[in-house]
Amino acid sequence: MTPVLIRRVRLGAAFVLLTYLILHFSNHALGLISLDAMETGRRWFLAIWRNTLGTLALYGAITVHGVLALWLLYQRRSLRMPSWEAAQYGLGLVLPALLATHVVGTRIAWWQVGTEDRYARVLLGFWVVAPERGIWQTITLLIAWIHACIGVHYWLRFRRWYPRVVMALFAGALLLPTLALAGYVTGGHEVVTLARTPGWREELARVTHPPSPAQGAVLVQIRTRFLEVYLAALLAVVVARGARRLWQRRRSIRVSYPGDRFVTVPVGFTILEASRVAGIPHASVCGGRGRCSTCRVRVVHGLGDLPAAREAEQRVLARVGAAPDVRLACQTCPVRDVAVAPLLAPSIVPGDAHTADVRQGRERELAVLFADLRGFTRMAEHKLPYDVVFVLNRYFETVGTAITQAGGVTNQFTGDGVMALFGIDVGPAAGCRQALAAARAMVEGLASLSAELAGDLPAPLRIGIGIHAGAAVVGRMGWGQSFYLTAVGDTVHVAARLEQATKDYHAELVVSEDVGRYAGIDLSAFRRDDLAVRNRAGRVPVRVITRARELP
């Protein structure tokens with residue numbers, strides 16, 4: 001089975017088990033009404049799970065989920081993992097042992113000897129006959145639910161809509177087991193009271209057919225055999241992992257990292273597992289399952305010796321627009337020495353798990369817009385600082401809205417200037433059309449703002465805008481927590497110079513002829529000039545547009 005198929009099968013099995021758990025807890029919660037309500041809910045519950053289809057679905061899911069968990073545990077090259085993943089693994093591995101007694105005493109007893117596992121009988125055992133079993137059952141209930149919630153959270157957290165509903169789901173995740181435990185306690189107290197009624201226990205035994213001592217011994221033997229088989233399976237996985245490690249030590253490779261760090265690991269380890277073995281911090285939001293791109297690395301040396309990326313890895317890399325020398329550390333198993341550089345900080349958050357691979361910088365064809373308020377510095381000299389901030393924020397709101405609505409990305413707000421990028425994802429043709437539309441909208445928005453603030457402004461606000469199109473390196477740049485998407489290169493330099501030229505031309509907009517060519521718009525009606533750009537050979541042919549409203 002391929003990793004993708006294994007993941008889908010395991011996820012399907014998990015859905016079946018989660019559905020069972022939710023319905024079972026809901027049935028417990030009916031104890032808040034009465035014991036009779038619990039029994040009525042139980043009849044509906046059994047109608048779903050004790051027919052042929054329900055039985056196959058439930059026990060098939062239990063078997064598939066358990067076997068695949070052991071298989072994935074065997075496949076792990078290192079047992080070093082994030083704390084959340086260790087918690088999920090640990091809770092999942094103890095659940096079968098904790099559930100064995102309860103399952104044998106209910107489902108297996110019904111199947112083998114015809115014992116009816118009514119709530120009254122089960123609660124009598126937990127609250128009167130053996131209260132210590134009731135405590136263990138409560139612990140088991142909580143462990144099963146926590147294990148399920150961890151899995152659901154780390155499966156859904158990559159969905160864009162998840163942050164909007166996470167608090168509602170969290171509330172539900174707290175409410176359901178709380179109601180189930182409350183129903184369990186309320187039903188238990190009712191059973192304790194009924195147990196004092198003369199003849200009640202005898203009548204319950206008559207209708208539920210508890211196992212005889214001999215049948216009880218058989219059920220205990222079934223539970224013991226299951227635990228022995230489960231323990232043997234765990235030991236087999238441990239032994240198989242040890243044997244594999246001894247075999248793999250015969251061939252080792254060296255994985256090198258920036259800062260002269262390296263680790264020697266057996267062939268078969270992924271790059272992410274090598275990082276974990278060496279204790280090197282390495283981002284991996286999904287826990288190394290190939291469901292995100294946060295573990296991606298740039299291969300500095302040895303790219304040609306790496307096995308080809310499988311379909312799942314190719315799909316993730318394509319989604320983030322990764323460069324040819326980038327691989328997913330969790331999916332790449334080097335067979336020879338390799339040098340890599342992780343691309344994302346170890347503290348990466350789930351929201352960035354599928355963001356475009358721009359931290360390393362990529363060359364793109366796009367349009368760059370610079371804009372600046374005219375005469376604002378002199379005007380600000382005669383205003384209170386708070387008034388200046390108010391006007392600037394209204395200005396940034398106006399131009400920022402025009403940029404984003406046109407499809408651009410507001411990149412930098414510096415003083416009273418702004419830089420914006422267009423066409424990062426859609427290409428230079430659409431980007432240039434968006435930039436021109438944004439320029440016109442910015443001028444119109446600024447006119448409206450000037451009219452609104454006429455009483456507070458000595459003169460209407462004026463703006464100068466420069467737009468150029470061409471190749472630039474786009475990436476997330478900065479330091480610490482201050483990373484932002486920006487662009488660098490000659491195209492950016494020229495666009496900034498065109499914005500400055502609007503002062504010389506007394507125009508609202510100066511665009512390079514490349515912008516008109518990319519956009520497919522005829523700008524021949526506007527003045528043409530060849531503009532000299534400092535530190536750049538040759539002149540830039542431009543079009544001078546006195547009023548942006550005159551654009552086609």
| request: Decide salt bridge (charged side-chain N to carboxylate O under 4.0 Å, His left out) for E313 and R327; before the verdict, give the C-alpha distance in whole Å, the side-chain angles of both, and the deciding distance to 0.1 Å. | output: CA-CA 8 Å; E313 182 182 1; R327 297 291 299 269; 2.8 Å; yes
| task | Test H153 against F170 for ring pair (Phe, Tyr, Trp, His ring centres under 6.0 Å), laying out the working first. | result | CA-CA 9 Å; H153 171 67; F170 180 70; 9.5 Å; no
| said: The test is salt bridge (charged side-chain N to carboxylate O under 4.0 Å, His left out); show your working for R254 and D337 and say whether it passes. | reply: CA-CA 5 Å; R254 176 166 160 157; D337 292 353; 5.9 Å; no
| request: For the pair L18 and W145, evaluate side chain to side chain contact (heavy atoms under 4.5 Å, CB included) and give the outcome as yes or no after the intermediate values. | output: CA-CA 9 Å; L18 180 63; W145 188 246; 4.3 Å; yes
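Relative to the six-membered ring of W110, R50 meets both conditions, a distance below 6.0 Å and an angle of at most 45° to the axis. Cation-pi geometry between R244 and Y74 is met: the NZ or CZ atom falls under 6.0 Å from the ring centre, inside 45° of the normal.
Residues I253 and V335 fail the side-chain proximity criterion, which asks for heavy atoms closer than 4.5 Å. Side-chain contact between V207 and E116: absent, with no pair of heavy atoms (C-beta onward) separated by less than 4.5 Å. Here the side chains of T55 and R107 are in contact, with some heavy-atom distance below 4.5 Å. When side chains are defined from C-beta on, V113 does not count as touching V218, because their heavy atoms never get closer than 4.5 Å. The shortest side-chain heavy-atom distance between Y184 and V122 does not fall under the 4.5 Å cut-off. Residues F226 and L99 have side chains not in contact (no heavy-atom distance under 4.5 Å, counting atoms from C-beta outward). For the pair V220/T224, a side-chain contact is recorded, criterion being any heavy-atom separation below 4.5 Å from C-beta on. Looking at heavy atoms from C-beta onward, R76 lies in side-chain contact with Y89 at the 4.5 angstrom threshold.
For the atom pair OG1 (T486) and CG (L421), the distance works out to 6.0 Å, reported to the nearest 0.5 Å.
Crowding of R261 atom CZ: a count of heavy atoms from other residues, nucleotides or ligands under 6.0 Å exceeding 12. Dense packing is recorded around CH2 of W161, with more than 12 heavy atoms of other residues, nucleotides or ligands lying under 6.0 Å away.
Just one of F25, Y20, Y119 meets the ring pair (Phe, Tyr, Trp, His ring centres under 6.0 Å) condition when paired with F45; it is Y20.
Relative orientation of the H24 and H102 rings is tilted, given thresholds of 30° and 60° on the angle between their planes.
Classification of E311 and R315 as a salt-bridged pair holds, one side-chain N sitting under 4.0 Å from a carboxylate O.
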